[in-house]
Amino acid sequence: MSTILDGKKISEMRLEILKEGIEDSGLYPRLATVIVGSDPASQMYVRMKHRACERVGIGSVGIELPADTTTQGVLDSVNRLNRDSDIDGILVQLPLPKGIDAERVIAEVSPEKDVDGFHPENLGLLFSGRPNFTPCTPTGIMTILAEYKIPVAGARAVVVGRSIDVGRPMSALLTNADATVTVCHSKTKNLAEELRRADILVSAIGRAHFITPDMVKPGAVVIDVGINQLNGRLTGDVDFDAVKDIASAITPVPGGVGPMTIATLMENTFRAAKVKSCDNVW
Ligand code: NAP
C-alpha cells in the first residue's frame, strides 16, 4: 500500500504557519489579481486565491476586465499595479482570452511582483540555477517531496508535459535539486518505457487516467498534476486506483497538487512583501 501524499493537509499546515509568520512580521502583504473575461473556471480559481489571502492575512485586490479588453488595456492595468506601492504581488489569471498577447502581458509584470514566477527574468533565473520567484504548481510539488522527505538528489525523475507553467519549470526545479531529469511530451517515442525508468514520475498532461500501471516502476513516487473531468468527476492524469498499489507514494486528485499551488502563491506573496520591506529599509 502506497503513502498518499496529502497535499491538502500540507497546504493547511503551511497556511497556518504562514498566517503566524505574517502576523509576527507586522507586514500587511497585498496581492492583486487580474482576470480578463468571465471564464467560470478562471473566476473560481481567482475566488479561491482571494479566500486564501483572507485566511492568512494578505490583502487582496481583484481587477476584472471585460473579455474584449485589448492587449494594451491589460498592459495598462498591469502597469498601474506595478507602480502601486501598496501592491506586493500581481497575478494575471491564465489563460487570457484569444487575441490578447499573453506573453507581452506576463513580461509586463514587474519581476519583483511576479509571484506566479512566469516573468522571463524569473524563469531565466530558475533555469540558470539561481531561482527567485518560481512557478507555484511545480514549487508546491517540491514542497510535497520535501515534507514527505522523499529523496530527490540522484533520483531519476521523469516529467510528462513541457508547458511553461508546469512541465518545464518542474524539470528545472528537479534539476536544481540534483535529480536526473527526463522531459517527455506528445512526440516522445516509447513513452511507457521512459516512464518505467522513473523513481519520481510527474504527470502534467491533462488527460484523464492516461498513466496506467504498466507505465510505473514498482516503488516509484507518482505526482499527478492533471485536472480532468471524467464521468462528471474530477480526476487526474493517473489511473489512481490501479497505480496506487504499485507506487510507493502518490498524490490524489483532488487533494494533492492543487491545494499546494495556492499555498505557494501565498508564500510567494509574503516573500515579495518581505523583500520590499527590506529594500525600503536600505
Ligand atoms: P498544456 O499546456 O496543455 O501541456 C500539456 C503537455 O502534455 C504538453 O507538453 C503536451 O505535449 C503533453 N502531452 C499531451 N498529450 C500527451 C501525450 N499523449 N503523451 C505525452 N505528452 C502529452 O497543459 P498544462 O498547463 O501543463 O497542464 C497540464 C495539466 O495540469 C492540466 O490538466 C491542467 O489542468 C493541470 N494543472 C493543474 C494545476 C494544479 O494546480 N493542480 C496547475 C496547472 C495545470 P506537447 O508539448 O508535445 O504538445
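In listed order, ligands and their atoms are each counted from 1. Basis for what follows: all heavy atoms, side chains included, without hydrogens, waters or symmetry-related copies. Predicted model only: the values in this text are computed from it and were never measured.
When each atom of ligand 1 is checked for a heavy atom of Gly258 under 4.0 Å away, the hits are 40 (O), 41 (N). For ligand 1, the atoms sitting less than 4.0 Å from at least one non-hydrogen atom of Thr137 are 40 (O), 42 (C), numbered in the order shown with element in parentheses. Within ligand 1, the atoms closer than 4.0 Å to a non-hydrogen atom of Val166 are 26 (O), 43 (C), 44 (C), numbered from 1 in the order shown. Proximity to Asp165 (heavy-atom distance under 4.0 Å) selects the following atoms of ligand 1: 25 (O), 26 (O). Of all atoms in ligand 1, listed by their number and element, those nearer than 4.0 Å to a heavy atom of Gly206 are 29 (C), 31 (C), 32 (O). Counting atoms of ligand 1 from 1 in the listed order, those under 4.0 Å from a heavy atom of Phe210 are 17 (C), 18 (N), 19 (N).
For the pair Glu147 and Arg14, the salt-bridge criterion is met [side-chain N within less than 4.0 Å of a carboxylate O]. Taking 4.0 Å as the cut-off between side-chain N and carboxylate O, Glu16 and Arg55 count as a salt-bridged pair.
Under the 4.0 angstrom criterion for non-hydrogen atoms, Cys184 is not in contact with ligand 1.
For ligand 1, the polar-atom distance check against Gly161 finds no nitrogen or oxygen pair separated by under 3.5 Å. In terms of N/O distances under 3.5 Å, ligand 1 is not approached by Lys187.
For atom 26 (O) of ligand 1, the closest heavy atom belonging to the protein is Ser163 OG, 2.5 Å. What sits closest to atom 36 (N) of ligand 1 on the protein, heavy atoms only, is Val225 O, 3.6 Å. Of the protein's non-hydrogen atoms, Ile227 N, 3.0 Å is the one closest to atom 32 (O) of ligand 1. The protein atom (non-hydrogen) at minimum distance from atom 10 (C) of ligand 1 is Ser186 N, 4.4 Å.
Under the 3.5 Å distance criterion, the side-chain polar atoms of Lys113 are matched with a main-chain donor or acceptor of Ile87. In this structure, the side chain of Asp114 engages the main chain of His119 through a donor-acceptor pair within 3.5 Å. When atom types are taken as modelled, the side chain of Lys8 and the backbone of Met260 share no donor-acceptor pair closer than 3.5 angstrom. Using a distance-only test at 3.5 Å, with no hydrogens or angles considered, no donor-acceptor pair links the side chain of Asn268 to the main chain of Asp116.
Distances from atom 13 (N) of ligand 1 to the heavy atoms of Ile205, Thr261, Asn228 put Ile205 nearest. Nearest residue to atom 46 (O) of ligand 1 from Arg162, Arg207, Glu194 is Arg162 (criterion: closest heavy atom).
Within the 4.5 Å cutoff, the side chain of Pro138 has heavy atoms near those of the Pro169 side chain.
From Glu193, atom CD reaches atom SG of Cys184 across 11.0 Å, with rounding to the nearest 0.5 Å. Between the NZ atom in Lys217 and the OG atom in Ser248 there is a gap of 10.0 Å [rounded to 0.5 Å].
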| message | side chain to side chain contact (heavy atoms under 4.5 Å, CB included), that's the test. Do Val61 and Leu31 meet it? Break it down for me. | response | CA-CA 6 Å; Val61 180; Leu31 173 72; over 6 Å; no
